[in-house]
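What follows is a short report on a single structure.
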Amino acid sequence: MKKYVNVDIELVKSKFRPIEKKAHKGIQGHALIIGGSYGKIGSVSLSSKACLKSGAGLVTAYIPKCGYDIIQVLNPEVMVITDECHDYITSVYHNLSIQSIGIGMGMGVHKETQQAFLQFLKMNDLPMVIDADGLNILSENKSWLENLASKAVLTPHRKELERLIGNWSTEEEMIEKVKSFSNDYDIVIVVKGAPTMIVYKTMVYINSTGNQALATAGSGDVLTGIITGLLAQGYEEVDASILGVYLHGLTADLAVPETGCNSFTASDIIHYLGKAFLTLEK
Ligand SMILES: NC(=O)C1=CN([C@@H]2O[C@H](COP(=O)(O)OP(=O)(O)OC[C@H]3O[C@@H](n4cnc5c(N)ncnc54)[C@H](OP(=O)(O)O)[C@@H]3O)[C@@H](O)[C@H]2O)[C@@H](O)CC1
Ligand SMILES: Nc1ncnc2c1ncn2[C@@H]1O[C@H](COP(=O)(O)OP(=O)(O)O)[C@@H](O)[C@H]1O
Ligand SMILES: [Mg+2]
């Protein structure tokens, strides 16, 4: 068996399902994006927009009150539920019928947010993506990892990964540690970087798209939205991660001849998502 699987166009095409002619927004799934705090509402705006642009039928954002006008104005297609608190999240109760959740971007690590996150983990076993401050809260409270839903997708960058599993001296050691971490908690780990890898138990998939234009604020928030949108449509967790990471990277490859690296922003990832999806339909 090959040591690592290369995530290339053939693999991605074999997993991609074009939207059916008779689809309606209910079939396309309802995703919930939870995050944001005062000064970091942009992360939820990016994530929820990317989620819709990946094909989710409905997207709701759960944010602190300070973000209400911002999200409604920036993303009219996105529905909004606000927390009782103005500046940060203090509970994440909802009665929506949803198919996937993305949580953590811009959320902060306030004490009340940490408790709300713990309650959230105990009450939710839907397909989900945990990013940014969701990961930082887990790093501060390692026993809470036991509450993770089976096959939850964690999307750490290298620093967030180090906070979760401790440091490593070689790339091989890092990969072995991530495999054990995935196996211990039955979770999917998307190790973001250049390249990004997707790890589930003994399987390691290495992405083939993306470039340095992605080294820009909010590009991880967009990735969380894309994977959450694919989960809402019923893609299995590893497949959603593979497809999401590939398409995310491809947007930068398609864009750079037109935008250059310096001027590429996280909003450009969203802008080029349509062109990236189209390459799978050829
Ligand atoms: N518009 C908005 O609302 C935005 C909101 N955002 C939100 O902000 C919150 C904080 O997120 P964050 O990732 O910036 O903070 P944090 O985890 O402390 O990392 C900082 C340190 O870690 C390192 N490091 C970072 N990346 C690395 C990498 N790839 N590979 C290796 N190392 C890496 C690096 O350390 P250094 O290398 O400098 O030692 C850096 O100084 C979070 O909630 C997020 O969602 C952002 O998404 C931006 C747009
Ligand atoms: N040099 C690079 N080459 C390829 N991909 C990169 C590069 N730098 C960053 N990325 C990608 O950009 C994203 C950054 O995510 P993250 O650090 O969470 O950003 P943010 O928190 O600002 O949204 C990841 O998907 C990562 O793989
Ligand atoms: Mg991030």
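Remember, it's 1-based here, ligands and their atoms both numbered in the order they're listed. Nothing here was measured: the structure is a model prediction, and the numbers come from that model.
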So which heavy atom in the protein is nearest [atom], and how far is it from that ligand atom?
atom	answer
atom 10 (N) of ligand 2	Leu214 CB, 3.6 Å
atom 23 (O) of ligand 2	Gly220 N, 2.8 Å
atom 13 (C) of ligand 2	Ser219 OG, 3.2 Å
atom 1 (N) of ligand 2	Gln212 CA, 3.5 Å

Rounded distance (nearest 0.5 Å) linking atom CG of Leu74 with atom CD1 of Ile41: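 Spacing of CG (Leu74) from CD1 (Ile41) equals 10.5 Å.
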
Side chain, backbone, both or neither: which applies to [X] and ligand 2 if a contact is any heavy-atom pair less than 4.0 Å apart?
X	result
Ala215	both
His248	side chain
Asn211	backbone

Are any of the N or O atoms of [X] closer than 3.5 Å to those of ligand 2?
X	answer
Thr196	yes
Asp221	yes
Ala194	no
Gly218	yes
Lys192	yes

Could you tell me if [Y] and [X] have a donor-acceptor pair between their side chains, going purely by distance under 3.5 Å?
X	Y	result
Thr155	Asp131	yes
Gln114	Asn141	yes
Ser37	His110	no

Check each atom of ligand 2 against the heavy atoms of [X] and keep those under 4.0 Å away; list them by number with element.
X	value
His157	17 (O), 18 (O)
Gly193	4 (C), 5 (N), 6 (C), 26 (C), 27 (O)
Ala217	22 (O)

List the atom of [X], the atom of [Y], and the distance in Å for their closest heavy-atom pair.
X	Y	value
Ile34	Met105	O-SD, 3.7 Å
Asp186	Ser150	OD2-OG, 2.7 Å
Asp83	Ser91	OD2-O, 2.8 Å
Ile89	Thr113	O-OG1, 2.8 Å
His157	Lys192	N-CE, 3.7 Å

Lys/Arg cation over aromatic Tyr235: Lys15, 6.0 Å, 45° cone: no

Whether Phe117 and Phe120 hold their rings parallel, tilted or perpendicular, with breakpoints at 30° and 60°: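 The arrangement is parallel - the two ring planes meet at less than 30°.
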
Pairs satisfying ring pair (Phe, Tyr, Trp, His ring centres under 6.0 Å), at least one member in residues 241-280, at least two apart: none

Could you pull out every N or O of ligand 1 that sits under 3.5 Å from a protein N or O, with the distance for each pair?
unit_1: ligand 1; atom_1: 3 (O); unit_2: Ser43; atom_2: N; d: 3.1
unit_1: ligand 1; atom_1: 13 (O); unit_2: His157; atom_2: NE2; d: 2.9
unit_1: ligand 1; atom_1: 17 (O); unit_2: His157; atom_2: NE2; d: 3.2
unit_1: ligand 1; atom_1: 17 (O); unit_2: Arg163; atom_2: NH1; d: 2.9
unit_1: ligand 1; atom_1: 18 (O); unit_2: Arg163; atom_2: NH2; d: 2.9
unit_1: ligand 1; atom_1: 43 (O); unit_2: Gly106; atom_2: N; d: 2.9
unit_1: ligand 1; atom_1: 43 (O); unit_2: Asp133; atom_2: OD2; d: 2.6
unit_1: ligand 1; atom_1: 45 (O); unit_2: Gly106; atom_2: N; d: 2.9
unit_1: ligand 1; atom_1: 45 (O); unit_2: Asp221; atom_2: OD1; d: 3.2
unit_1: ligand 1; atom_1: 47 (O); unit_2: Asp221; atom_2: OD1; d: 3.3
unit_1: ligand 1; atom_1: 47 (O); unit_2: Asp221; atom_2: OD2; d: 2.8

Tyr68 atom OH: more than 12 heavy-atom contacts under 6.0 Å: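 No.
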
